[in-house]
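Just so you know, residue 1 is the first one in the sequence shown, and it goes up from there.
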Amino acid sequence: MTGHVRVGVTGHRFLAEVEKLQTAVEAALDRLEAFFPEGELVIVSPLAEGADRMVAQAALERGAKLFAPLPFARDEYLEDFESDESKEQFLDLLERADEVIELPPTEERNDAYAQVGEWVLEHSDAIIAIWDGQPAQGKGGTADIAQRAIDRGMPMLHIMAGNRKPGTSEPTTLGDEQGELVTRNL
């Protein structure tokens, strides 16, 4: 295969045992590069906190391109990031993106996240999902996007990762399974 290989990202925002997940992301990128040896990686990531940024950062360090579809206008999206550090990281990655698109407004905030998740799927050849394998805690969540990718038979690199305690920002771990890489259709 020649040309670009577009790899969409979906994943949890709050992550525990980050080192295990970073190792798994590197392994996932290795597998993609081996599976698509002549394709240039293009990461398709909305750059949300957590998984989206972890994959984007690792891929950029390898020389991949970054395409950032945003669920809202940039300034509105910045409101979702509480810390100055998070806002700076987002802006840094956004500046490094080869292309940025702001999706049209929606009536509900969760609809915007569902819309950007669907956009990622429609514009990707494969998916990296950093996910616990459990149902979504909200509309447009990682589980919804991952399940749609599975239903479509898309190649997926599923990195097992705890989510968060419902209603909190406290990340959970899957213990021994945290960071395990499972491939589907690849």
Please tell me if the side chains of [X] and [Y] come closer than 4.5 Å, counting only heavy atoms from C-beta onward.
X    : Y    : value
R13  : E49  : yes
V25  : I130 : yes
E118 : I145 : no
V44  : S124 : yes
E19  : T23  : no
L66  : S45  : yes
I150 : R184 : yes
Q57  : L93  : yes

Donor-acceptor pair, side chain of Y77 and main chain of P46, under 3.5 angstrom: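 Such a contact is found between Y77 side chain and P46 backbone.
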Test item: E102 side-chain N/O and R74 main-chain N/O as donor-acceptor pair under 3.5 Å: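 Pair found, side chain donor or acceptor close to backbone of R74.
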With rounding to the nearest 0.5 Å, note down the distance linking [atom1] in [X] to [atom2] in [Y].
X    : Y    : atom1 : atom2 : answer
E33  : E40  : CD    : CD    : 11.0 Å
L15  : Q22  : CG    : CD    : 9.5 Å
N163 : T168 : CG    : OG1   : 9.0 Å
H158 : I128 : NE2   : CD1   : 12.0 Å
D132 : Q178 : CG    : CD    : 9.5 Å
F67  : L47  : CZ    : CG    : 11.5 Å

Please report the closest heavy-atom contact between [X] and [Y], naming both atoms and the distance.
X    : Y    : result
A146 : T10  : N-CG2, 4.4 Å
P69  : V120 : CG-CG2, 4.0 Å
A161 : L21  : CB-CD2, 3.7 Å
S86  : F81  : OG-CB, 3.4 Å
A149 : I127 : CB-CG1, 4.0 Å
A97  : A68  : CB-CB, 4.3 Å

Can you get from [X] to [Y] by hopping between Ile, Leu, Val, Met, Phe, Trp and Tyr side chains that sit under 4.5 Å apart?
X    : Y    : answer
V5   : M156 : no
I159 : L157 : yes
L94  : V116 : no
L29  : F36  : yes
V18  : W131 : no

Check against side chain to side chain contact (heavy atoms under 4.5 Å, CB included), L70 and F90: CA-CA 11 Å; L70 306 181; F90 169 73; 4.1 Å; yes
Evaluation steps, side chain to side chain contact (heavy atoms under 4.5 Å, CB included), between T172 and K165: CA-CA 7 Å; T172 61; K165 292 184 179 179; 3.8 Å; yes
Over-ring placement of R109 relative to F72, 6.0 Å and 45° cut-offs: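 Yes.
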Verdict with reasoning, E26 to R62, per salt bridge (charged side-chain N to carboxylate O under 4.0 Å, His left out): CA-CA 10 Å; E26 294 295 338; R62 290 174 176 240; 2.7 Å; yes
Option among M154, H4, R6 that satisfies the side chain to side chain contact (heavy atoms under 4.5 Å, CB included) test with D125: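 Only match with D125 under side chain to side chain contact (heavy atoms under 4.5 Å, CB included): R6.
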D84 atom CG, over 12 foreign heavy atoms within 6.0 Å: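 Atom CG in D84 is not packed in, count stays at 12 or less.
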E61 CD: over 12 foreign heavy atoms closer than 6.0 Å: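 Atom CD in E61 is packed in, count exceeds 12.
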Trace of the side chain to side chain contact (heavy atoms under 4.5 Å, CB included) decision for E85 with E88: CA-CA 5 Å; E85 180 183 349; E88 288 171 20; 5.6 Å; no
Audit row: E17, T173, side-chain hydrogen bond (donor to acceptor under 3.5 Å, both in side chains) steps and yes/no: CA-CA 7 Å; E17 298 188 84; T173 180; 2.2 Å; yes
Donor-acceptor pair between Q115 and D111 side chains, under 3.5 angstrom: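 On atom types as modelled, these side chains do not qualify, holding no pair under 3.5 Å.
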